[in-house]
Amino acid sequence: MQKPVNQRAWILVLPVVALVAFSSLIPMMTVVNYSFQDSFGGNDFFWVGLEWYRELLRSERLWDALGRQLLFSFIILMIEIPLGILVALAMPKKGWLASLCLVLMALPLLIPYNVVGTIWQVFGRADIGLLGRVLTDLGISYNYAQNAFDAWVTVIAMDVWHWTSLVALLSYAGLRSIPSAYYQAAKIDQASRWSVFRYIELPKMRGVLVIAVLLRFMDSFMIYTEPFVLTGGGPGNATTFLSIDLVKMALGQFDLGPAAAFSLMYFLVILLISYVFYTVMVTIDKDEAAQ
Amino acid sequence: MSTPVSTHEAPPRKSPPRKTPKRLRLSAIVMTVYLLFLLVPIYWLTIMSFKSNSEILNAFTLFPADFTFENYETILTDPSWYMGYVNSFTYVALNTVISLGVALPAAYAFSRYRFYGDNHLFFWLLTNRMAPPAVFALPFFQLYSSVSLFDTHIAVALAHCLFNVPLAVWILEGFMRGIPREIDETAFIDGYSFTRFFTRIFIPMIAPGIGVTAFFCFMFSWVELLLSRTLTSVDAKPITAIMTRTVSASGLDWGVLAAAGVLTIIPGAIVIYFVRSYIAKGFALGRV
C-alpha cells in the first residue's frame, strides 16, 4: 500500500522538530563550538582548530575506554540475544501464567538505573550480600571492588539481569505473531523442533530481533549509571566505559574542549553503527510490507 | 485377553503425550531458573529494607529476624527523602504529557503520508534516542541555566524529551500503521474535519498504543539518572539522585537505602500490571 504524498504533513511534524531542535540541536552546537576552542577559565575562548581531536586520537585513555566499551557491548549482545530467544521460546503461551511471567520479567526494566546498581552492589558484597557471601563460603575468592575480572563479571551479570527481559519480550511478541498454520504445516512435514525454529520461528522473528539488537547495542554502548554506582569505573580503570570517562572529563575535571571533542566522536561512532542497523530494519519492514 | 490388548494399545497412545510434557518440563525449568535469577536480587533488597542496620552488618540472615518498618518510617517522615518521590513523579508526568502531545500528530504524519525529507527526518529523530546522555549533560546544564530553568521540574521534563519524543513517535507510528487508511478516508468523506476525526475517532482507536507509549515515556524518564541529577540541585532533585548522594555521604545506612530502592520499584510494578496485555507488542514498538 503506497502512502500518498502530502507536503502539508510537515505541519503535523513541526512541533516535534521544534522541540527536538531545542533539546538537541542547540546543545549539540555548543558541543561543536567547544570542541574547537580552548579557554583559560572564565569566558575567554580562543580558536584551537582540530587540536583537541588530534590530542584525543593520540591519547591511550580514549582508545582503552573504546576497547573496553566494544568488548562489553559484544559480550552483552552474545549473551542477551540467545538467552532472550531461549526464554521467549520457554514462555507459557497463554493463561494467567503467561501474564505473571510477563509482569515478573518486565520488573527489572522499570527499576531506576542507579537502583539496579545498588541492588547488585549490595547483592555482590561479601559481608552483606547473598551472592558475595555464597561465593566466599564456596571458597571462591570474589571481590568486585578490587579484582578487575570480578568487576567485569558482576557488571555483565548485572546487565544480563537488567536487559535480557527486553530481548525476551521482543522475541515473544515476534513468536506470538506467527500464524498457527505454519506450525500445522511443519507438523504434517514432521519437521524436527530445530527445523521449526530455524525455518519458521527465526525468520519470522527477524524484524523484532533487529530492533532488539539495535536497542541493546545503543543502550549498552552508552551505559553509565549502573557501573558507575557499582564500581565507579574501577578497580583502577577496569570498568571505565566511554560514558563514565566522558562524564569524568566534562563534569569532573571540566575539560570542556577535550570533552566536547570526545562527545562528538563518541556520538558519530554510535550514529554510524546505528545507521547500518536502521537501514537493515527499514529494508526488512519493506520486505514484509511487500509480502 | 485384556493384557495383550492393553500392551498393544499403550505405545501409540503414550508416545505423543510423552513428547509434549518433556518439552514442557524443559520450558518450565528454563523459565523457573530465569525468573529465580531475576527475583533473588530483588528479594535480597526487599528483605534488607526490613532489617535494622545492625542486623544487616552483623548477622547474615535469609529472612529478617527482627522485622522492622523503621527504614520506611525514616523515608516517609523526612521531607528531604519523600520530596524526591514527589519531584520524580512531577517531571515524569510532565514529560509524558509533553512527549505524547507532540508525538501523536507527528506519528500520524509519518504513518499516513510521504513528504519532503520524511525518511531523513525520522532517522534524525531516532539519532536523538541513540545519543548518549553523557554527551548532553554539560550543554544541557549550560542551556537550562542560561534560560534560568535550572533546578525546575520542567527543565528535566524537557531534557528527557530528548530520548522520549523520538521513542514515542517510533512506537506510535508502529501502532498507527496497523490501522487501515480507509477509515480516515471514510471519515473525511463523511465530512469530519481533521481535528474532529483525530480526537473523536482516531485517538480512541489507538488507545492501547497511547497507553503503551505513555508507559515507555514513564519508564525511561523514571529510570534516568544522569540528566536529572545534572539539571537539579535542591527544589527538583529526584529520588534517584538523592539515593546516590546518600551512598557517597554516609555509605553506611544500608537499610534506608534498600527501603528507598524498594519504593522506587513499586510504581513501576503497578504500571506494568496495567499494561501487561500490551507489553510485548509495546516492546516490539508496535511492529508485530
Side-chain angles (χ1 to χ4, degrees), chain A residues 3-7 9-10 12-13 15-16 19-20 23-24 26-27 30-31 86-87 90-91 99 101-104 106-108 110-115 118-119 122-123 128 130 133 166 169-170 172-174 177 207-208 211 218 222 224-225 243 246-247 250-251 263 266-267 270-271 274 278, chain B residues 27 30-31 34-35 38 41 44-45 56-57 60 102-103 105-106 108-109 112-116 123 125 127-128 130-132 134-140 142-143 158-159 161-162 165 169 219 222-223 225-226 240 243-244 257 261 264-265 268-269 272-273 276 279-281 283-285 287-288:
Chain A
K3 288 186 275 187
V5 177
N6 183 349
Q7 302 299 352
W10 260 99
L12 297 172
V13 190
V16 163
L19 183 67
V20 178
S23 63
S24 137
I26 298 175
T30 346
V31 176
L86 181 72
V87 170
M91 263 187 77
S99 299
C101 286
L102 278 175
V103 172
L104 288 180
L107 202 53
L110 271 133
I111 299 178
Y113 296 163
N114 66 312
V115 179
T118 308
I119 288 177
V122 169
F123 194 57
I128 58 171
L130 187 62
R133 182 68 171 240
L166 177 74
L169 288 171
L170 276 165
Y172 178 71
S177 70
V208 282
I211 298 178
M218 292 183 327
M222 49 200 191
Y224 169 78
T225 313
S243 276
L246 176 58
V247 172
L251 296 175
S263 298
Y266 186 12
F267 191 36
I270 294 195
L271 212 59
S274 299
Y278 177 73
Chain B
S27 299
V30 171
M31 224 35 230
Y34 182 67
L35 287 180
L38 292 188
W44 196 249
L45 188 80
I56 294 170
L57 291 171
F60 192 80
V102 297
Y108 180 81
R112 289 299 190 259
Y113 303 116
R114 283 171 54 221
F115 47 93
Y116 190 70
F123 182 70
L125 283 177
T127 59
N128 293 295
M130 298 164 191
V135 169
F136 287 93
L138 182 68
F140 271 2
Q142 295 178 321
L143 175 67
L158 284 175
C161 283
L162 175 71
V165 165
V169 173
M219 165 175 159
W222 179 250
V223 297
L225 170 76
L226 182 56
T240 45
M243 281 181 69
T244 50
L257 187 69
T264 62
I265 299 175
I272 299 173
Y273 180 78
R276 65 190 180 286
I279 213 170
K281 194 176 178 192
F283 274 106
L285 307 171
R287 278 176 171 64
V288 175

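For the numbers below, each heavy atom of this structure counts, side chains included, while hydrogens, waters and symmetry mates do not. So that the names make sense, note that chain A is the first sequence line, chain B the second, and so on, each numbered from 1.
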Contact origin within B:A159 toward chain A - heavy atom pairs under 4.5 Å: neither

Validation row: A:Q7, B:F115 side chains within 4.5 angstrom (heavy atoms): yes

Structural part of B:W222 lying under 4.5 Å from a heavy atom of chain A: both

Trace of the side chain to side chain contact (heavy atoms under 4.5 Å, CB included) decision for B:Y34 with A:L86: CA-CA 10 Å; B:Y34 182 67; A:L86 181 72; over 6 Å; no

Selection from B:L35, B:L125, B:L138, B:L158 maximising heavy-atom pairs under 4.5 Å formed with chain A: B:L138

Taking every non-hydrogen atom, the tightest pair across A:V31 and B:P139: CG2-CG, 3.4 Å

Residue, of A:L130, A:V247, A:I270, that accumulates the most heavy atom pairs under 4.5 Å with chain B: A:L130

Over all atoms of both residues, closest heavy-atom pair of A:S24 and B:L162: CB-CD1, 3.6 Å

Closest-packed option against chain B by number of heavy-atom pairs under 4.5 Å, given A:Y266, A:F267, A:Y113: A:Y113

Max heavy-atom pair count under 4.5 Å with chain A, selected residue of B:M130, B:Q142, B:R112: B:M130

Greatest number of heavy atom pairs closer than 4.5 Å to chain A - which of B:P132, B:G261, B:A134, B:C161: B:P132

Under 4.5 Å from any heavy atom of chain A - which part of B:L38: both

Non-hydrogen side-chain atoms of B:M31 and A:M91 separated by less than 4.5 Å: yes

Contact class of A:L19 relative to chain B, heavy atoms under 4.5 angstrom: side chain

Chain A contacts, top residue of B:F140, B:Y273, B:Y108 (heavy-atom pairs, under 4.5 Å): B:F140

Per-residue contact mode, B:F123 against chain A (heavy atom under 4.5 angstrom): both

Interface residue of largest heavy-atom contact number with chain A, from B:A131, B:A269, B:A137, under 4.5 Å: B:A131

Between A:V13, A:V115, A:N114, the one whose heavy-atom pairs under 4.5 Å with chain B are most numerous: A:N114

Spacing of OG1 belonging to B:T264 relative to CD1 belonging to A:I111, to within rounding of 0.5 Å: 7.0 Å

Side-chain heavy-atom pair B:L143, A:T30 within 4.5 angstrom cut-off: no

Nearest heavy atoms of B:F136 and A:P27, plus distance in Å: CD2-CB, 3.9 Å

Residue selection (most heavy-atom pairs with chain B, distance under 4.5 Å) from A:I128, A:V87, A:L271: A:I128

B:Y116, part contacting chain A, at a heavy-atom distance under 4.5 Å: both

Atom group of A:L107 that falls short of 4.5 Å from chain B, counting heavy atoms: both

